[in-house]
Structures are given as structure tokens and as C-alpha cells.
Number of protein chains: 2
Amino acid sequence: MLQNIKVAVDAVVFGYESKKNLSVLLIKRGVEPFKNTWALPGGLVLEDESLEDAVERELLEETGVQIDYLEQLYSFGKPKRDPRNRVVSISYFGLVKPNHFKIQADTDAAEAQWFPITDIPELAFDHKSILDLAKARLKSKLHYQPIGFDLLSKSFPFSDLEHLYTTILEKDIDRRNFRKKLMSFGIIEETGEMSQSGSGRPAKLFQFNTKKYKALAKDGFHFEIKFV
Amino acid sequence: MLQNIKVAVDAVVFGYESKKNLSVLLIKRGVEPFKNTWALPGGLVLEDESLEDAVERELLEETGVQIDYLEQLYSFGKPKRDPRNRVVSISYFGLVKPNHFKIQADTDAAEAQWFPITDIPELAFDHKSILDLAKARLKSKLHYQPIGFDLLSKSFPFSDLEHLYTTILEKDIDRRNFRKKLMSFGIIEETGEMSQSGSGRPAKLFQFNTKKYKALAKDGFHFEIKFV
DNA sequence: TTATTTTGCGTTGAATTTACACAAAACTAC
DNA sequence: GTAGTTTTGTGTAAATTCAACGCAAAATAA
């Protein structure tokens, strides 16, 4: 008996705008099934491309967005997850920095749009489950991997990081302890610049030192932030 | 252009024999490619079965082993990982308790065998990478999930747990602190029985209380063991 | 110039983690 | 059956880490 299963990739891509909400990149489907329903960007993998390449290609085609961080999330393979053919979808988890938010709607898909995580429309297929899983992954990763920096600009005031954590984790932080802890790691450093002040005292700008982090990590260091 | 990609599952199944080594279940391939090479159990997914069903079916067919714990590991999809067709493999991570070690070689595959993790033969395809990933997963999970109990018999002396941790993590433990910590969680309890003494003082037997663990976990409790 | 917003920073008590050693229970060999 | 060996079982003190907490300084807005 010949196997006839399609292989697709789907991407849950998060973005975070300074002091606003966490958002997810969605597209409106142009074809059946679920025509005109919002869905995760993605599509069938080409015969000779890697899964990661497929994700990046589909993202570019459908949204024009370039990703700053990408990792595999989970594979979904229930026989009936697609009403027509059997499709196994390998889902990916992506983050983009604020300077890559711009959507190029020129291309393939009907429409692409950022949705605040608090206001997600009905989604096609089992994409709601995929999104939920991705949210959980993001939340848990914030605790043990310095992944928040892939949602911030290259240089940022400390309060941005703080707000990122509080809004995504939906928990309050003791600002002083949080800052103390993060600084103690020695993986973020002052740029020397100051923020163009908004309404209040201007803030020092910081940046994440990837090299230092990697060096420390190789040396047994383990990033970890807890909350009460 | 029609997509023609096969979907397979592979399983990395670990077993641990009291005070011995960690072992992995392998099969010797009966067909090309890689005929007569050792490989992870697995195979093509049937049209109408779930991925998990496929894993359990293949395991039964090829090794006769029934699994005590199963979770998805990672999906491997490099275009050339199989020299003939394109095959995307969704790999799974499994654990079996000592009472399920027995291999039923009657079935499908040429041969099945437990290999100590310290003495793994050359493996087919990219199965070496898959195994490495599974080892890493096992190691890291031991720290934050009470998964070691799925490698032990239902009731066990405390020293078994201790040895499990030290051999898998290849680190020394302070017995007193380890025991204190684990007992403080309140998820393992005395059975009342004593071990049939080997060569030394007989030991109390313990068992893992799954229900209690789940209740606590739902309530925000987080299993965590660190090592120095 | 006064009020408001936001940043930046230090200390103390509580809790947790680490380091560390010796006696009791069984078996083994004589 | 005695002496030696192996394995189990347990407590305390010092060091570290975590949690709680408030106020002054720099800017903008009114």
C-alpha cells in the first residue's frame, strides 16, 4: 500500500512592540479549505528544500517578514487534521525584532496581519492548538533562555525588557530584583547612549552581548529567571 | 509540481537496569538501504494512523517492546537524509520500565537488541544525531521532570534512583542532600516493604505517587533537581 | 514652578542550598 | 560466631541566594 501523506510547515511568529502587546503573524487563506479564514503562515514543503528553508520561504512569500529567531516547535499529524488530504505539519516557532515588522502584502497570500495575542480570530485547521503550544513555549523559554532579546531592538532601555516579561508572563516583577539578577549575569551591557526621553526620566540603553552569552553558556552558565 | 515525500517515525527507547547502564533499543535492518546496519526502530506511517500509533505499532512489530513513556522528540527533514526517497522522520523519545525489557524477536525485523549507551554501533541514516538529541533530552529532563521513575520498577530502593541519576548524568551526587530534596517534594512514598538484601543493609522500598505529583503540578509545583 | 512620570539604586531578614561524617543493619569469609 | 565489608540512613552549621521594601533624581507636562 502506497503512502500518500503531504508534508507542510507552519510558523508561529511572535513580535513585540515596545510597551505594547505581544503579537502573532497571521495570513488570511486565499483558497479552500478554510478560504478567508485566518491561519498560520506556512505551506507544503518542496521536494528538495529543508524544513527550515520551507518555513522561511513561505514566510517571505506570504508575509514578506524575515525572521530573527527560529526553532522547531512540534509536529502535528492527526489523520483528520486537514479535511481533505492527510497532511503532517511540522510547526516552527519564530521571533522577529521590531525593525522587521513591516509586512509586504504584495505577494502570494490574500492578506497578512499582526494580531495582538489577546485578540486572535478563529483559526483554520488545528492552528489554534499550535498557537497555544507556541505561547506556552515562549513563556517557558523566557525563564531559562535569553530569548526575550530577539523580541527587542538591538538596543533598548531596561524598562522594555521588564515590560516584555511582565506582559508575556502576565505577572508582576520586582523591578529592582529583576534588574539586579539580569545584570549579575553579565550578558547585557550599556551602550553609552540614552533613550530619547518619552515622558519621564531618560534611560540608559542596553544591549545583549550574544558572544559573551555563548561563551558563558559553553562554560556551564545557565540563564535562569524566576518569578514569584 | 506534485509533492512526494514519505513520512516516517523513529523511536529512541531507553531502558535502565538497576545499577547497570542506560541502554537503547536498536534493530538490525533487514532491507536496503543500510541492510544489516543497526538503526532505530521505526518506519513509514500508515495512511490512517496517528504518529503515536505508528510508533507503537512499529515498536511492537520490530521489537515486541511496549513503551511506558512516550513523547515527541524532533522532526528530521534534510532532503538527503535518506539516500533514495525523501523521507521526513518524526522521532519519538520513549522509556520502558525493567519489567518490559523482554524483546520478542519473533516478528518483523531481522533482529532487535538492547545496547548500552556506552557501546553503540554505527547507525543507519542520521540516527546517530537522533540518538544524541534524545540523550540530551533525557539528561535535561531528569532535572525538571520526574521522568526517572519511568525507568525504574514500580517500587525501588532509594539507591536505585540515586544511581540512575549519577550514571545518566555522569555526575556525583551528595546522597544526603539528594534524598532530602526528593523527599521534600512529597511525591515518593514508602511502600512498607524492604529490598531483598543484596550485599549490605536492606533498604526501604519506595514508589512514585503519580496522582500526588499531578495534583501538585497542577497547583504550580515545579519538580527541580540541581547538581553541583 | 509645581506636579507627574519614569529611572536608578541598597539593605535586611528569610529561605534555600551546600558541605560534611558516622553509626546501624545486613552479609561474607574465616 | 567474630571480624571485616558493604550498603543504608540520618542532622547541623555556614554560605549563598532570594524576597521584600522606599526614596531621590531626571526629565516632561501643565
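In what follows, chains are A, B, ... by sequence order, proteins preceding strands, each numbered from 1. Side chains included, hydrogens not; waters and symmetry mates left out as well; all remaining heavy atoms used.
Checking D/dC18, C/dA25, D/dA20 against every side-chain atom of A/Lys181, the shortest atom distance belongs to D/dC18. Closest approach to the A/Pro202 side chain among C/dG8, D/dA27, D/dT8 is made by D/dA27 (side chain taken as heavy atoms from C-beta onward). In the set C/dG10, C/dA19, D/dT8, C/dA19 carries the atom at the smallest distance from any side-chain atom of B/Lys180. Among the nucleotides C/dG8, D/dG9, D/dC21, the one closest to the side chain of A/Ala203 is C/dG8.
Spacing between atom CD1 of B/Ile173 and atom C1' of C/dT18 amounts to 14 Å, rounded to whole angstrom units. Note: NZ (A/Lys19) to P (C/dT5) measures 15 Å, nearest angstrom. Note: NE2 (B/His163) to C1' (D/dT8) measures 11 Å, nearest angstrom. One can place CZ of B/Arg176 at 9 Å from P of C/dC20, the figure rounded to the nearest angstrom. Protein atom CG of A/Asp174 is 9 Å distant from nucleotide atom P of D/dA19, rounded to whole Å. The NE2-C1' distance, from A/His222 to D/dT17, rounds to 17 Å in whole Å.
B/Ser159 and B/Lys19 share a side-chain donor-acceptor pair at under 3.5 Å. For the residue pair A/Ser75 / B/Ser75, a side-chain donor-acceptor distance below 3.5 Å is found, with atom types taken as modelled.
At a cut-off of 3.5 angstrom, counting only N and O atoms as typed in the model, there is no donor on one side facing an acceptor on the other between the side-chain of A/Arg201 and the base of C/dT6.
Among the atoms of the strands shown, only primed sugar atoms or phosphate atoms (P, OP1, OP2) are found under 4.0 Å from some heavy atom of A/Arg179.
Ring geometry, B/Phe185 versus B/Phe223: the interplanar angle falls from 30° to 60°, so the pair is classed tilted.
Under 4.0 angstrom from either OP1 or OP2 of D/dA29 there lies no side-chain N or O belonging to A/Ser199. Phosphate contact (OP1/OP2 of D/dT16, side-chain N/O of B/Lys226, threshold under 4.0 Å): absent.
Side chain of B/Tyr213 to main chain of B/Phe208: no donor-acceptor pair is present (N/O by atom type, distance under 3.5 Å, no hydrogens or angles).
For the helix from C/dT1-D/dA30 to C/dC30-D/dG1, the end axes, each set by the C1' atoms of five terminal pairs, are bent relative to each other by 10° (nearest 10°).
Looking at which nucleotide of DNA chain C each of A/Asn177 and A/Gly200 is closest to, the 5′-most match is held by A/Gly200.
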